[in-house]
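Input: a single structure, listed below in structure tokens.
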Amino acid sequence: MRVSQYPLATLKETPADAEVISHQLLLRGGYIRRLASGLYTWMPIGLRVLRKAEAVVRAEMDRAGALEVLMPAVQPAELWQESGRWEQYGPELLRLKDRHQREFCFGPTHEEIITDLVRREVRSYRQLPVNYYQIQTKFRDEVRPRFGLMRAREFLMKDAYSFHGSPESLHETYEAMYETYSRIFTRLGLNFRAVQADTGSIGGSASHEFHVLANSGEDTLAVSDQSDYAANIELAEAVAPAAPRAAPAEEMRLVDTPDARTIQELVEQFGLPIEKTVKTLIVHGASDDAPLVALLVRGDHELNAVKAAKLPEVADPLVFAGEDEIRAAIGAGPGSLGPVNLPLPMIADRAVAAMSDFGAGANIDGKHHFGINWERDVALPQVADVRNVVEGDPSPDGRGRLRLVRGIEVGHVFKLGTKYSQAMKATYLDEQGREQVMVMGCYGIGVSRVVAAAIEQNHDERGIAWPAALAPFDVALVPIGMHRSQRLREAIEKLYADLTAAGFAVLFDDRDARPGVMFADMELIGIPHRVVLSERGLDAGEVEYKGRRDDAATQVPLAEIDAFLRQRMGD
RNA sequence: CGGAGUGUAGCUCAGCCUGGUAGAGCACCGCUUUCGGGAGGCGGGGGUCGUAGGUUCGAAUCCUAUCACUCCGACCA
């Protein structure tokens with residue numbers, strides 16, 4: 001491709017509304033343009049990258065025996081009503097009406113559609129298992145679209161759905177998809193990690209997320225330093241302290257703490273170690289009998305909302321009580337709450353249950369109790385794991401300690417079980433002719449997000465440094481002084497033709513621009529290999545080669561550049 | 001949705017407080033000079049200052065409403 005016929009819409013300055021590096025570089029490199037919040041146009045060069053990501057996903061899905069289909073993006077409301085998600089899904093579902101006032105939605109995911117298809121097509125156990133996938137545009141009316149392609153409203157997703165006659169069969173496909181995902185992200189050249197995950201609103205029994213590791217990631221992952229344990233922090237278990245609770249050493253006393261409304265202030269003003277304090281968080285309960293529930297977490301720990309919402313006593317999703325509600329129920333404000341004399345059901349974190357001689361609010365404004373001990377001063381309530389793990393916590397598998405890293409979720413595999421097949425009556429006849437409900441799995445990859453994630457992981461101060469599998473072009477061909485030298489023009493035209501014929505995707509910068517401009521553009525857009533030809537080089541029979549990540553250029557005989565590139569790309 | 005902020009040329013922004021002829025850099029067009037790391041000179045095109053009202057002799061500037069966008073929180077590929 002000639003740059004003169006393939007305009008590079010590169011920007012020297014960073015658009016003000018782009019926050020993360022991938023968004024900035026995608027805009028600056030002319031890969032995408034914004035239409036509206038969370039909506040982007042893929043420019044020609046950007047589409048090349050997207051298609052390459054798609055190609056790897058498609059090849060590996062096919063290899064795993066999945067069958068590609070293409071379902072409509074617009075879906076009738078009836079199917080969503082049947083699964084119950086028309087009501088559940090909320091405002092994230094873009095709802096539409098046609099000219100007859102019939103209701104539709106723009107698909108954010110396709111469980112209902114595929115389940116409807118399969119229940120019509122599959123009658124016999126002989127037709128199972130099946131695994132259908134598609135690569136298609138989804139729309140989710142995100143509460144807060146941001147970070148460019150990373151959290152767009154419209155995005156390209158590969159979604160696959162498998163149907164089975166037994167949980168064992170589902171497990172086989174689940175494992176196969178897990179392997180396939182690992183192959184896909186490896187081929188794409190990404191540094192990734194599969195982690196145990198919460199099943200969230202889609203439901204189901206088991207799930208793993210695939211994360212590209214990057215500091216800009218929105219998720220926190222807990223990984224063991226001595227085993228392969230890895231989990232999203234939402235799910236990572238905080239194990240109970242090994243040491244038994246120490247015996248009381250202090251008397252409980254009531255202390256005036258008029259200026260300490262937060263744990264931080266308490267620690268600063270009274271010299272109390274933060275591990276000797278307890279936070280009392282009031283949340284809405286799950287039943288009218290107990291409209292408010294108190295969750296107790298050690299002062300230096302953080303409440304895990306996902307874990308808390310799963311407790312039967314707690315409302316799901318988690319809702320914090322307002323100050324007015326708290327005052328009405330307890331008679332004291334949020335800054336002075338504690339377990340002693342608390343007229344609410346309590347649930348203590350495992351770490352809290354192991355504490356002794358600790359400080360907490362006295363449920364009287366401006367007063368705290370210090371030296372509190374369980375059983376002696378207040379009965380130990382129900383104990384549960386309700387906190388986020390922290391760096392250095394023991395790994396739940398008993399091997400090693402946890403480290404926390406950041407990740408961008410690019411893939412997710414679920415065992416759905418019978419959630420949709422039951423609701424939508426997707427059944428088949430087994431060997432005995434009995435009607436059975438199908439067992440389902442589903443498997444997603446955010447294809448457009450993969451593009452952004454790849455940049456987050458592969459860039460430097462000059463721009464993008466694409467992994468080979470995603471690069472829009474393999475080779476940037478840059479002539480120096482071509483517009484002043486007929487001899488050079490002929491030589492480089494021949495080199496361009498030869499390299500293209502040899503199968504390389506070459507971007508030939510035939511602009512009448514200064515070398516610095518061409519170099520800067522090629523590095524910004526991230527072409528992995530650069531070949532420079534000048535008159536000087538022509539005289540010496542050499543071209544200059546530089547890999548996008550190399551520190552220095554090397555001279556290569558003109559006649560050998562083809563083999564040299566081939567060897568470099570084989571690295 | 002709650003909180004914070006921003007809308008002025010394709011991009012980055014100044015001007016607004018204190019109302020009086022709409023600006024700079026980059027980009028773009030022409031000429032020129034230069035030619036291995038986003039050069040320089042001369043000339044040029046381009047904005048009803050987000051939109052709609054209001055105050056005023058006069059509004060980018062003050063007031064009101066409205067729309068859009070960004071950031072911080074709960075969601076997800």
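Throughout, protein chains are lettered first and strands after them, A, B, ... in sequence-line order, and every chain is numbered starting at 1. Computation of the quantities below employed the complete heavy-atom set of this structure, encompassing side-chain atoms and omitting hydrogens, waters and symmetry-equivalent molecules.
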**Asked** With no hydrogens and no angle check, do the side chains of A:D116 and A:Y420 hold a donor and an acceptor under 3.5 Å apart?
**Response** no
**A:K546 backbone acceptor or donor facing A:D550 side chain under 3.5 Å** =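 Checked: no pair found.
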**Item:** Under 4.0 Å protein heavy-atom contact, by nucleotide of nucleotides 23-35 of chain B - B base, S sugar-phosphate only
**Value:** --BSS------BB
Could you tell me whether [X] contacts a base, only the sugar-phosphate backbone, or nothing, with contacts defined as non-hydrogen atoms closer than 4.0 Å?
X	result
A:E92	sugar-phosphate
A:D521	base
A:R536	base

So, does the side chain of [X] form a donor-acceptor pair with the base of [N] at under 3.5 Å?
X	N	result
A:R151	B:rC76	yes
A:R144	B:rC76	no
A:R28	B:rG10	no

**Asked** So, do A:Y181 and A:Y443 have ring centers that fall under 6.0 Å from each other?
**Response**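 No, the ring centres sit 6.0 Å or more apart.
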**Proximity of A:Y40 and A:H23 rings by center, below 6.0 Å** =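 Yes, they do, as the ring centres are separated by less than 6.0 Å.
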**Asked** Does A:F519 lie flat on the base of B:rG38, that is, centres under 5.5 Å apart and planes under 30° off?
**Response** no
**Under 3.5 Å on both distances, the Watson-Crick or G-U partner of B:rC13** =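 Check on B:rC13: paired to B:rG23, both distances under 3.5 Å.
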